[in-house]
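Reminder, nothing fancy here: chain letters follow the sequence lines and each chain counts from 1. Only heavy atoms go into these numbers, but all of them, side chains included; no hydrogens, no water, no symmetry mates.
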Amino acid sequence: MLPRNKKRVILIVGPTGVGKTSLSIDLASKINGEIISADSRYLYKGMDIGTAKPSKEERNGIPHYLIDVAEPSETWSLSIFLERTREAIEKIHADNKIPIVVGGTGQYIRALMEGWRIPEFEPDEHLRRVLNDWSEEIGGMDLHRKLAMIDNDAARIIDPANVRRTVRALEVIFTTGKRFSTQRLKDGPAFDYWVIGLTMDRNQLFKQVDDRIEEMFTRGLVDEVKILMTKGYGSDLPSMSAIGYREVIRHLKGEIDLEEAKVLMRKGTRKFIRRQANWFKASDQGIHWYSMDTDPVDMIIDDLERDSEKKRGDD
RNA sequence: GCCGAGAUAGCUCAGUUGGUAGAGCACACGACUGAAAAUUGUGGGGUCGCCAGUCCGAUCCUGGCUCUCGGCA
């Protein structure tokens with residue numbers, strides 16, 4: 001755990017709509033960086049407007065990794081993200097550039113920073129389906145009791161009502177033959193991470209994302225969803241569970257009107273922003289926080305240089 | 001003006017055969033190890049429209065008042 005022996009990786013975190021994407025592109029072009037997206041919805045091809053994915057022009061010639069790398073029908077995962085991100089970081093370092101990991105998917109970023117060691121096994125859709133069926137049959141609470149019988153430590157850290165995590169734990173246990181609770185390991189940071197957190201007054205942010213939602217519709221979100229549906233991508237897919245897509249699908253199916261879809265999108269986005277704040281807390285001493293009230297990019301570059309000098313001094 | 005219905009959490013509404021109240025949403029906070037824009041837990045918050053009466057005790061019963069929404073004129 002000697003950061004000075006490790007190569008630097010810049011991380012940019014913060015809630016959706018705060019301005020991570022444009023700041024990261026600006027920063028990358030000023031410090032010779034390349035960008036790795038840590039956003040679980042930028043992965044999917046054809047999902048552009050509703051995810052606020054940066055266009056080719058907006059990317060301003062900066063190479064971006066992990067954008068448009070999967071079909072919406074595919075199920076991506078944390079494990080794949082970690083593997084691909086590490087590869088991309090190595091490659092960017094080899095090119096003598098600075099990797100900038102930017103995104104709002106808290107689990108991905110936290111796992112990268114802390115070096116989570118994910119239980120090793122191939123995904124087993126069949127087993128997962130069997131477990132989900134079992135849960136429906138006996139009830140989520142009873143499924144949780146089953147988990148408690150074979151791995152009490154795991155049951156203690158999973159809310160009994162949280163069927164999804166209960167299923168996941170059982171899936172890992174049945175596949176690996178080992179208790180889930182003994183497989184949640186961390187290797188610690190593999191790189192010298194410099195974490196930038198972007199903040200904004202929450203009410204102002206809420207207003208900003210409300211405006212962004214309106215803009216998504218004028219830019220053609222409904223048509224984008226129609227095209228995806230025509231290709232056979234339905235609301236049962238993980239990709240299509242994204243905010244905006246699930247609501248517009250319901251609208252296109254005639255379940256809700258357009259205004260209701262917008263209301264639900266606003267609500268969903270606000271909830272998402274609150275949940276994101278759980279991964280990256282203002283009190284986190286490891287994060288360098290910058291307010292987006294004024295463009296912080298110059299301040300960030302100053303702080304980065306000061307840190308580099310300090311580390312050179314330590315050597 | 002008359003008839004009817006209603007007034008309970010920020011919003012929509014339950015409820016108490018009279019013993020000072022709940023749910024969803026909203027808001028705040030938390031969990032998260034191969035689905036994570038997913039999934040999920042906790043919490044704060046109410047002189048139960050106003051005044052009077054009956055009662056040991058009224059948010060609930062009675063009377064009056066105010067306001068809202070229907071309908072009829």
Tell me the partner of [N], counting only Watson-Crick (N1-N3 plus N6-O4 or O6-N4) or G-U wobble (N1-O2 and O6-N3) with both under 3.5 Å; none if nothing fits.
N	value
B/G4	B/C69
B/U16	none
B/A58	none
B/G41	B/C29
B/C11	B/G24

If the [atom1] atom of [N] is compared with that of [M], how far apart are they to the nearest Å?
N	M	atom1	result
B/C48	B/G22	C1'	12 Å
B/A9	B/A14	C1'	13 Å
B/G46	B/G4	P	36 Å
B/G41	B/U47	P	29 Å
B/U42	B/G10	P	22 Å
B/U20	B/A73	C1'	43 Å
B/A36	B/U40	C1'	12 Å
B/U62	B/A23	C1'	31 Å

Nearest-angstrom distance from the residue atom CD of A/E83 to P of B/G34
15 Å
Whole angstroms only, please: what is the CD1-P distance between A/I109 and B/U33?
17 Å
Please classify the nucleic acid contact of [X] as base, sugar-phosphate, or nothing, using heavy-atom distances under 4.0 Å.
X	answer
A/R246	sugar-phosphate
A/L185	base
A/N132	base
A/Y108	sugar-phosphate
A/K186	base
A/R202	sugar-phosphate
A/G244	nothing
A/R270	sugar-phosphate
A/A111	nothing
A/R274	sugar-phosphate
A/W76	sugar-phosphate
A/T16	nothing

Could you tell me the separation between the CD1 atom of A/I300 and the OG atom of A/S24, rounded to the nearest 0.5 Å?
10.5 Å
Under the side chain to side chain donor-acceptor pair (under 3.5 Å) rule, what do A/R110 and A/T105 come out as? Steps first, then yes or no, please.
CA-CA 9 Å; A/R110 181 68 86 41; A/T105 303; over 6 Å; no
Does any part of the side chain of [Y], heavy atoms only, come nearer than 4.5 Å to the side chain of [X], both counted from C-beta?
X	Y	result
A/E215	A/D211	no
A/V18	A/T199	no
A/L112	A/F191	no

Which comes earlier along RNA chain B counting from the 5' end, the contact point of A/I158 or that of A/I243, where each point is its nearest nucleotide?
A/I158
Under-4.0 Å salt bridge between A/E260 and A/K267
no
Using 4.0 Å as the upper bound for N to carboxylate O, is an ion pair formed by A/R156 and A/D153?
yes
[N] phosphate, OP1 or OP2: any side-chain N/O from [X] under 4.0 angstrom?
X	N	result
A/N278	B/G30	yes
A/K281	B/G30	yes
A/R41	B/A36	yes
A/R275	B/G30	no

